[in-house]
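Read through the structure below, which is laid out as structure tokens, and then see the notes.
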Amino acid sequence: MFISFEGIDGAGKTTQIELLKNYLFKMGVEFISIREPGGTLLAEKIRTILLDPEISMPDRAELLLFEAARADLIDKVIKPNLEKGKIVICDRFYDSTTAYQSYGRGIDFEKTLDLHEFTVNNIHPDKTIFLNISLEESARRIRSKRKDRMEQSGDEFFKKVYNGFQELVKKYPNRIKMINANDSIKNIHENILNELKL
Ligand code: TYD
């Protein structure tokens with residue numbers, strides 16, 4: 001089973017993924033957990049480039065770098081582990097690219113989806129947990145953080161990303177499950193387990 005977690009910055013994915021991992025560990029279920037961009041030597045190097053505030057790049061290059069990191073992660077980590085029957089948990093996957101690079105940066109939607117198909121080679125998340133917080137809450141939660149290149153993109157951009165995620169939830173209701181992330185950590189965790197039927 002392949003599970004991805006999505007949400008705008010500060011939605012609490014990391015905390016919830018930790019709780020899910022603890023739960024699976026206690027249940028004796030085999031799993032691996034990775035984050036995007038990252039998870040392989042190549043993808044971690046690409047991540048450093050993508051988040052470096054000193055580096056500027058055209059939106060096309062940004063899109064292709066996220067996809068390149070993903071292609072490596074698919075071949076080296078996600079596919080082999082799914083084949084072994086493990087649960088794969090991924091902190092962000094291609095919905096982030098659709099939200100940030102297509103809705104956010106304005107790259108053509110259909111082209112972006114075609115590129116995802118090319119990148120993932122038929123490996124798709126079975127379920128996607130979308131942790132929903134408001135833009136105001138997101139801004140509040142990341143205010144004190146030192147901002148990486150993506151986080152420096154400005155309010156207009158984040159508004160588009162936010163709206164993009166809302167659109168994606170509507171477009172893929174069977175796969176993407178929206179969870180209110182403005183709730184207690186415990187309630188969110190229980191809602192996630194319910195959605196995943198774990
Ligand atoms: P990260 O520090 O992992 O953010 P978070 O903890 O919020 O997941 O940085 C990843 C950043 O890259 C984040 O701002 C979202 C962005 N991103 C994209 O723009 N496109 C993508 O395809 C992915 C995977 C991430």
Side-chain angles (χ1 to χ4, degrees), residues 1-9 11 13-14 16-17 20-21 24 29-52 55 57-131 149-150 161 164-178 192 195-198:
M1 186 187 194
F2 180 14
I3 306 163
S4 61
F5 276 74
E6 298 284 0
I8 54 174
D9 303 69
K13 290 181 284 96
T14 315
Q16 289 303 326
I17 289 172
L20 179 61
K21 281 161 63 180
L24 293 174
V29 179
E30 285 208 285
F31 67 90
I32 61 144
S33 164
I34 51 209
R35 65 162 182 196
E36 272 216 351
T40 67
L41 186 57
L42 172 64
E44 289 293 334
K45 292 205 172 191
I46 293 176
R47 176 187 178 86
T48 312
I49 296 169
L50 278 165
L51 299 185
D52 187 345
I55 297 177
M57 64 182 82
D59 297 341
R60 296 178 337 275
E62 183 181 289
L63 169 68
L64 293 169
L65 284 172
F66 277 114
E67 297 284 356
R70 179 165 307 130
D72 199 46
L73 186 66
I74 285 273
D75 285 16
K76 293 189 182 140
V77 182
I78 298 181
K79 191 160 184 271
N81 278 287
L82 288 174
E83 282 169 356
K84 284 186 205 149
K86 289 193 190 177
I87 292 186
V88 174
I89 305 166
C90 200
D91 185 346
R92 298 192 181 280
F93 197 60
Y94 55 26
D95 299 304
S96 276
T97 315
T98 316
Y100 285 78
Q101 279 66 52
S102 178
Y103 286 105
R105 302 286 193 218
I107 293 175
D108 182 77
F109 184 76
E110 293 301 328
K111 255 191 206 156
T112 306
L113 292 195
D114 286 349
L115 200 49
H116 294 340
E117 291 297 329
F118 179 62
T119 301
V120 301
N121 246 337
N122 290 320
I123 306 279
H124 296 276
D126 298 295
K127 278 276 176 294
T128 298
I129 299 294
F130 172 63
L131 295 178
R149 194 184 65 84
M150 292 304 299
V161 172
F165 272 125
Q166 306 295 323
E167 288 297 313
L168 288 174
V169 172
K170 281 188 225 143
K171 254 189 217 307
Y172 304 104
N174 292 330
R175 176 173 63 84
I176 308 184
K177 301 297 171 189
M178 178 153 95
I192 291 172
E195 286 296 356
L196 296 175
K197 300 186 174 61
L198 287 168

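The analysis underlying the following values was restricted to heavy atoms, covering all of them including side chains, and did not include hydrogens, waters or symmetry mates. Worth saying up front: this structure is predicted, and the values here are computed from it rather than measured.
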Is [X] reaching over with its side chain to a backbone N or O of [Y], donor-acceptor style, under 3.5 angstrom?
{"X": "Arg47", "Y": "Leu42", "value": "no"}
{"X": "Glu117", "Y": "Asn122", "value": "no"}
{"X": "Arg149", "Y": "Leu50", "value": "yes"}

### Message
Test of understanding: with salt bridge (charged side-chain N to carboxylate O under 4.0 Å, His left out), list the residues that count as partners of Arg175, not counting sequence neighbours.
### Response
Asp95

### Task
For Lys127, enumerate each residue passing the salt bridge (charged side-chain N to carboxylate O under 4.0 Å, His left out) test, keeping only those at least two apart in sequence or located in another chain.
none

Look up atom [atom1] in [X] and atom [atom2] in [Y], then write down how far apart they are to the nearest 0.5 Å.
{"X": "Thr14", "Y": "Phe5", "atom1": "OG1", "atom2": "CZ", "result": "10.5 Å"}
{"X": "Gln101", "Y": "Lys111", "atom1": "CD", "atom2": "NZ", "result": "15.0 Å"}
{"X": "Leu196", "Y": "Ile129", "atom1": "CG", "atom2": "CD1", "result": "4.0 Å"}
{"X": "Ile192", "Y": "Ile17", "atom1": "CD1", "atom2": "CD1", "result": "8.5 Å"}
{"X": "Ile78", "Y": "Ile123", "atom1": "CD1", "atom2": "CD1", "result": "8.0 Å"}
{"X": "Asp72", "Y": "Ile46", "atom1": "CG", "atom2": "CD1", "result": "7.0 Å"}

#### Entry: Pairwise side-chain contact, Leu168 with Tyr103, heavy-atom cut-off 4.5 Å (strictly under)
yes

### Query
Is any side-chain heavy atom of Tyr94 less than 4.5 Å from a side-chain heavy atom of Val120?
yes

### Message
Is it the case that the side chains of Thr98 and His116 hold a donor-acceptor pair, with the cut-off being a distance below 3.5 Å and no angle test?
### Response
yes

With sequence neighbours excluded, what pairs up with [X] under the ring pair (Phe, Tyr, Trp, His ring centres under 6.0 Å) test?
{"X": "Phe2", "answer": "Phe93"}
{"X": "Phe165", "answer": "Phe130"}
{"X": "Tyr172", "answer": "none"}

If every non-hydrogen atom of [X] is compared with every non-hydrogen atom of [Y], which pair is closest and at what distance?
{"X": "Glu67", "Y": "Thr112", "answer": "OE2-O, 4.4 Å"}
{"X": "Thr128", "Y": "Ser4", "answer": "OG1-OG, 2.8 Å"}
{"X": "Tyr100", "Y": "Ile8", "answer": "OH-CA, 3.8 Å"}
{"X": "Ala43", "Y": "Gly38", "answer": "CB-O, 3.4 Å"}
{"X": "Cys90", "Y": "Glu36", "answer": "SG-CG, 3.9 Å"}

### Task
Decide side chain to side chain contact (heavy atoms under 4.5 Å, CB included) for Leu198 and Val29; before the verdict, give the C-alpha distance in whole Å, the side-chain angles of both, and the deciding distance to 0.1 Å.
CA-CA 10 Å; Leu198 287 168; Val29 179; over 6 Å; no

### Query
What's the verdict on side chain to side chain contact (heavy atoms under 4.5 Å, CB included) for Lys79 and Asn121, showing C-alpha distance, side-chain angles and the deciding distance?
CA-CA 10 Å; Lys79 191 160 184 271; Asn121 246 337; 6.0 Å; no

### Message
Quick check on side chain to side chain contact (heavy atoms under 4.5 Å, CB included): which of Val88, Ile89, Asp91 does Ile34 satisfy it with?
### Response
Val88

### Task
Sort out for me which residue in Lys177, Glu6, Gln16 forms a side chain to side chain contact (heavy atoms under 4.5 Å, CB included) with Leu131.
Gln16

### Task
Using side-chain hydrogen bond (donor to acceptor under 3.5 Å, both in side chains) as the criterion, list what pairs up with Glu30, not counting sequence neighbours.
none

### Message
Is there a side chain to side chain contact (heavy atoms under 4.5 Å, CB included) between Glu62 and Met150? Walk through the geometry before answering.
### Response
CA-CA 10 Å; Glu62 183 181 289; Met150 292 304 299; 3.7 Å; yes

